[in-house]
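The structure appears below as structure tokens.
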2 protein chains.
Amino acid sequence: METRHAVTARTSPESARDIPEATVARLPIYLRALTTLSEQGTSTCSSEELAAAAGVNSAKLRKDLSYLGSYGTRGVGYDTDYLRYQIAREIGVTQDWPVVIVGIGNLGQALANYSGFRSRGFRVVALLDADPARHEEVVAGIDVRPFDHLEQIVRDHAVAIGVIATPALAAQDVADRMVACGITSILNFAPTVLNVPDQVDVRKVDLSIELQILAYHEQRKAASA
Amino acid sequence: METRHAVTARTSPESARDIPEATVARLPIYLRALTTLSEQGTSTCSSEELAAAAGVNSAKLRKDLSYLGSYGTRGVGYDTDYLRYQIAREIGVTQDWPVVIVGIGNLGQALANYSGFRSRGFRVVALLDADPARHEEVVAGIDVRPFDHLEQIVRDHAVAIGVIATPALAAQDVADRMVACGITSILNFAPTVLNVPDQVDVRKVDLSIELQILAYHEQRKAASA
DNA sequence: CTCGGTTTGTTCTCGCGTTCACAAACTCCT
DNA sequence: AGGAGTTTGTGAACGCGAGAACAAACCGAG
């Protein structure tokens, strides 16, 4: 949880209970667990059940949900679909978020094809790449377009979220251009530290860092054996 | 250095201090920043410089490094290459870790092709997929093999780390088989909660969860504007 | 050798997040 | 209606991590 959202004092009009960052990070997990339960025909679930499905402690789950309001019934539990809707609304995925993906290498293609986006409130409105050789291609039913089109696309579709799947060297440039176009949230897959203004949120997904963390623990296991 | 303890000289010769999880998660970032600095010809760097390159607070950086030992020189800073080696050794990436990737869809292919693995101490020794139609393919110079070969491959290459890039429905089965074969660290890209024994480490990378977290903050921004 | 300037390593404090434990609230059965 | 059995929501305790601040240690000049 290295995101530093807490610093930017985002004054909210009213009733803006500010939900702890750690809780926000878990809400999508609960959302997914609820969807699974619902598909299995479970119309009501207890905090124990839901916590088990989400892989967390039930006390933590209840405290997390308490930040949203009182959507449960004591002695009974939670209505699966009702709670699911409330969480989705709180996260903001009841509406559709247009997303731009920049960098159509292997990872960018994987992202473009990932069906989990569309089904969860995100719509890929454009794929951009700097390499002219790729502008002929169609990936996941979407034309790959020149990076220069970014500004127009952001304006036309009111894009607020950008995904960077370029090599590390290009990432900072892409981020700068995104910020200049008015994008305020960036999901960065490039293995580099991005420098952006405070009001822009950046989340980083780094494959090799995750593996290195596993390697550390693996080494400890081997050493103690 | 500090309290003259007569008792605690019992710990194992090197790296027995347990490093906080939050610090472990940042060590790979420092490692990458040091590599970048080194490539730029910087032979010595202060905690300020390194912290800036890694995108963290300098006090936090110094505290993190202090868990590893005293590898800096007061009044001077850190020797870039020396510190880099020490961190790499602590993480365990001075040795090579064999890795198996299961599920050769778009994401699996992207992972197989990701050069950042090999350059950081990881070697993909096998690509596995349950679909027989894929067993003809060669991805990133590696034959795609049947999932049944898992046990033999794990034994032959002493694999400890497995990567799951399958659909959500298959993930738990794959994890079970991995655990049964002796794999003790799993990197899971499937959008599902894995159930594994305590001694097995699991790290989860979930693309749509990251986007949902961004969406939440984006919604807050829009509401307060 | 000494002194001023610099940077590390560490101590201390504070705030956040996790977990426990329990009162409040609901259902169902008699 | 009342009591037994559940389950939620939350107050309180606790541990961990972040950041500020500072003493210790090092370099170089004179």
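Quick note on labels: first sequence line is chain A, next is B, and so on, each numbered from 1.
- Donor-acceptor pairing under 3.5 Å is recorded for the side chains of A/R62 and A/S47.
- The CD-C1' distance, from A/E21 to D/dA18, rounds to 15 Å in whole Å.
- Taking both residues in full, the closest heavy atoms of A/V154 and A/C181 are given as CG1-O, 3.5 Å, listed atom of the first, atom of the second, then distance.
- No hydrogens or angles were tested; on distance alone, nothing pairs the side chain of A/K63 with the base of C/dG17 as donor and acceptor under 3.5 Å.
- Summarising the geometry, the separation between CG on A/L65 and P on C/dG17 is reported as 16 Å, rounded to the nearest angstrom.
- Looking at residues 35-58 of chain A, you'll see A/S46, A/S47 sit with a heavy atom under 4.0 Å from some atom of DNA chain D.
- Using a 4.0 Å cut-off between a side-chain N of Lys or Arg and a carboxylate O of Asp or Glu, B/D18 and A/R220 do not qualify as a salt bridge.
- The backbone N or O of A/E210 sits nowhere less than 3.5 Å from a side-chain atom of A/D206 that would complete a donor-acceptor pair.
- Note on the helix from C/dC1-D/dG30 to C/dT30-D/dA1: angle between the axes of the first and last five pairs equals 0°, rounded to 10 degrees.
- Judged by distance alone, the side chains of A/D176 and A/Q172 do bring a donor and an acceptor atom under 3.5 Å apart.
- Among the nucleotides C/dT8, D/dG17, C/dC12, the one closest to any side-chain atom of B/P20 is D/dG17.
- Looking at the side chain of A/A59, the nearest of the listed nucleotides D/dT8, C/dC20, D/dA18 is C/dC20.
- Closest approach to the B/R74 side chain among D/dA25, D/dG9, D/dA18 is made by D/dA25 (side chain taken as heavy atoms from C-beta onward).
- Salt bridge B/R118/B/D96: absent, no basic N to carboxylate O contact under 4.0 Å.
- Here C/dT19 presents its C1' atom at 12 Å from CG of A/D64, a figure rounded to the nearest Å.
- Atom CD of B/E151 has 12 or fewer heavy atoms from other residues, nucleotides or ligands within 6.0 Å.
- Between the side chains of B/E218 and A/T184, at least one donor N or O sits under 3.5 Å from an acceptor N or O.
- Of the candidate nucleotides D/dG9, D/dC26, C/dC26, D/dC26 has the atom nearest to the side chain of B/T73.
- Residues passing the salt bridge (Lys or Arg N to Asp or Glu O under 4.0 Å) test with B/D79, sequence neighbours excluded: none.
- Distances shown here put a side-chain N or O of B/Y78 below 4.0 Å from the OP1 or OP2 atom of C/dG9.
- Distances from the side chain of A/K60 to the nucleotides C/dT11, C/dT19, D/dA21 place C/dT19 closest.
- Side-chain atoms of B/D201 and B/S185 form no donor-acceptor pair, as typed in the model, at a separation below 3.5 Å.
- At whole-Å resolution of the value, CG in A/L68 and C1' in D/dT8 are 14 Å apart.
- Distances were taken from every side-chain heavy atom of B/S66 (C-beta onward) to each of D/dT10, C/dT27, C/dT10; the shortest belongs to C/dT10.
- As a whole-Å value, the separation of A/D79 CG from D/dT8 P is 13 Å.
- Between A/R62 and B/G77, the one whose closest nucleotide on DNA chain C sits nearer the 5' end is B/G77.
- In this structure, the CG atom of B/L27 is 13 Å from the P atom of D/dG17, given to the nearest Å.
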